[in-house]
Amino acid sequence: MRIYGIDFTSRPRRGKPITCLACDLEGDRLCAGTLCTWPGFAPFEAFLRQPGPWIAGIDFPFGQSRTFVTNIAWPTTWSGTVQKAESLGRAGFRGALDAYRQPRPFGDKEHRRATDRATGAISPQKLYRTPVGLMFFEGAPRLLKAGVTIPGVQPGDPERIVVEAYPGVLARQLIGRRSYKQDTRAQQTPERDQARRALLQAILDGAVQPAYGVRVQAPLSLADDPTGDALDALLCAIQAAWAWTRRAGGYGQPNSVDALEGWIADPHARQ
């Protein structure tokens, strides 16, 4: 089966492209193949429309929390929320999230989905540091328009499957909370380089097999990228492969999935 891992960004450009790693899953062996970078959204959109069969794990939040959607009085279906967000435009979406957050008390400004709480992910409303809110804004409408299947969220082409990935939860299982990536050149330290190489070596040594059920074959060069995008693409592919091996049981969905919020494809999200 063809497996893709995609590290997403809300503003792709030459210096910070979307990164896609193509892999093949044969039995329980996941073999990393071609690494591609896309400096704009057009190649990503074309990828989503390419014929299957394939499954991709993509690193951005596919949905917003039900608490936020209900409080702000947006449509309470996934497609309705996505279309509402898109209709605002990027500046309008940012303004809506800022306006929602500003008057609310500390601790109640940004809400996490059930899957975020299970995996330790941040709120999909967040616009600063890692702006996952903008990643949702740019990514989710493209998934909707492409007509891919998102298990538990959107029915679509059964041969083009997309699941939400989150590399952070996998990385923490292997190296704890050691920082292994940084976009800012001045902060690309030897310690982060060592952490990336330790993370990749643990994967190659079989550390993911007990939880994710796959043995991974990949080049050591994936750890060379100080931004961590190439390595994150591999982590996304591992999560997509795990979901594929559990396709008979809903691709590994938790027992209770809110179709509005979506879910992260990872065994630790099931707890």
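Residue numbers count from 1 along this sequence. Not measured: the values here are computed from a predicted model.
Judged by distance alone, the side chains of D232 and Y166 never bring a donor and an acceptor atom under 3.5 Å apart. A donor-acceptor contact closer than 3.5 angstrom links the side chains of Y212 and D266. At a cut-off of 3.5 Å, with distance as the only test, no side-chain donor of R112 or S123 sits close to an acceptor on the other residue.
Under the 4.5 Å side-chain contact rule for hydrophobic residues, V69 and I264 do not share a cluster. The same ILVMFWY cluster, assembled from side-chain heavy atoms under 4.5 Å apart, contains both W244 and V162. There is a path of hydrophobic side-chain contacts, each under 4.5 Å, that joins F8 to L143. At a threshold of 4.5 Å between side-chain heavy atoms, the hydrophobic network of Ile, Leu, Val, Met, Phe, Trp and Tyr places L260 and F93 in one connected group. In the hydrophobic cluster analysis, where Ile, Leu, Val, Met, Phe, Trp and Tyr join through side-chain heavy atoms closer than 4.5 angstrom, V169 is grouped apart from I6.
With hydrogens and angles disregarded, no donor-acceptor distance shorter than 3.5 Å links the side chain of T184 to the backbone of Q187. Q64 places no side-chain N or O within donor-acceptor distance of the main-chain N or O of T81, the cut-off being under 3.5 Å. Side chain of T119 to main chain of A269: no donor-acceptor pair is present (N/O by atom type, distance under 3.5 Å, no hydrogens or angles). Remark: the backbone N or O of Q182 is paired with a side-chain donor or acceptor of Q188 at under 3.5 angstrom.
Looking at every heavy atom in both residues, A211 comes nearest to R246 through O-NH2, 4.4 Å. Listed here is the closest heavy atom pair of A240 and I3: CB-CG2, 3.8 Å. Of all the heavy atoms in T77 and G80, the pair that sits closest is OG1-N, 3.0 Å. Considering all non-hydrogen atoms of both residues, I175 and A195 come closest at CD1-O, 3.9 Å. Here the closest non-hydrogen pair linking L21 and A233 is CB-CB, 3.8 Å. When all heavy atoms are compared, the tightest approach of Q239 to A165 is OE1-CB, 3.2 Å.
Between Y251 and W242 the shortest side-chain heavy-atom distance does not fall below 4.5 Å. Side-chain contact between Q173 and H268: present, with at least one pair of heavy atoms (C-beta onward) separated by less than 4.5 Å. Counting heavy atoms from C-beta outward, Q83 and L144 have side chains that approach closer than 4.5 Å. Using a 4.5 Å heavy-atom cutoff, the side chains of C236 and P167 are in contact. Between Q253 and P151 the shortest side-chain heavy-atom distance falls below 4.5 Å. Residues V82 and F137 have side chains not in contact (no heavy-atom distance under 4.5 Å, counting atoms from C-beta outward). Contact annotation: the side chain of R196 approaches that of P226 to within less than 4.5 Å [non-hydrogen atoms, C-beta and beyond]. The side-chain heavy atoms of S10 and P131, taken from C-beta on, include a pair separated by under 4.5 Å.
With values rounded to the nearest 0.5 angstrom, L25 atom CG is found 7.5 Å from T245 atom OG1. Put simply, CD1 on I238 and CD1 on I203 are 4.0 Å apart, with the number rounded to the nearest 0.5 Å. Atom-to-atom distance recorded for L199:CG and K181:NZ is 10.0 Å, nearest 0.5 angstrom. Expressed to the nearest 0.5 Å, how far CG of D224 lies from CG of D193 amounts to 8.0 Å. Rounded to the nearest 0.5 angstrom, T115 OG1 and D258 CG are separated by 11.0 Å. With rounding to the nearest 0.5 angstrom, the CD1 atom of I150 is 11.0 Å from the CZ atom of R160.
For R29, the CZ atom counts as loosely surrounded, since its 6.0 Å shell holds 12 or fewer non-hydrogen atoms of other residues, nucleotides or ligands. Residue R185 places its CZ atom among 12 or fewer non-hydrogen atoms of other residues, nucleotides or ligands, all under 6.0 Å distant. Atom CZ of R11 sits in a sparse spot, with 12 or fewer heavy atoms from other residues, nucleotides or ligands closer than 6.0 Å.
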Margin query: Please determine whether side-chain contact (heavy atoms from CB on, under 4.5 Å) holds for the pair M1 and D24, giving the CA-CA distance in whole Å, both sets of side-chain angles, and the decisive distance to 0.1 Å.
Written below: CA-CA 6 Å; M1 180 63 174; D24 286 299; over 6 Å; no
Checklist line | S65 vs E261, side-chain contact (heavy atoms from CB on, under 4.5 Å): CA-CA, chis, key distance, verdict | finding: CA-CA 5 Å; S65 74; E261 294 190 344; 4.0 Å; yes
Next item on the list: Quick one: do D229 and K16 satisfy salt bridge (Lys or Arg N to Asp or Glu O under 4.0 Å)? Show the steps, please.
Entry: CA-CA 9 Å; D229 293 347; K16 182 66 176 177; 2.9 Å; yes
Next item on the list: Might you work through the side-chain contact (heavy atoms from CB on, under 4.5 Å) test for I122 and D116, ending with a clear yes or no?
Entry: CA-CA 6 Å; I122 61 178; D116 299 321; over 6 Å; no
Exercise answer: donor-acceptor pairs, residues 41-63 side-chain atoms, under 3.5 Å, sequence neighbours excluded:
from, atom 1, to, atom 2, distance (Å)
E45, OE2, R142, NE, 2.7
E45, OE2, R142, NH2, 3.4
Q50, NE2, Y4, OH, 3.3
W54, NE1, Q50, O, 2.9
W54, NE1, P51, O, 3.4

Would you give me the side-chain donor-acceptor pairs under 3.5 Å for residues 216-223, sequence neighbours excluded?
none

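Ion pairing between a basic and an acidic side chain is recognised when a charged N comes within 4.0 Å of a carboxylate O; R113 and E164 show such pairing. Ion pairing between E26 and R215 fails under the 4.0 Å rule for side-chain N and carboxylate O.
The residue from H111, E110, K109, Q125 that alone fulfils the side chain to side chain donor-acceptor pair (under 3.5 Å) condition with Y100 is H111.
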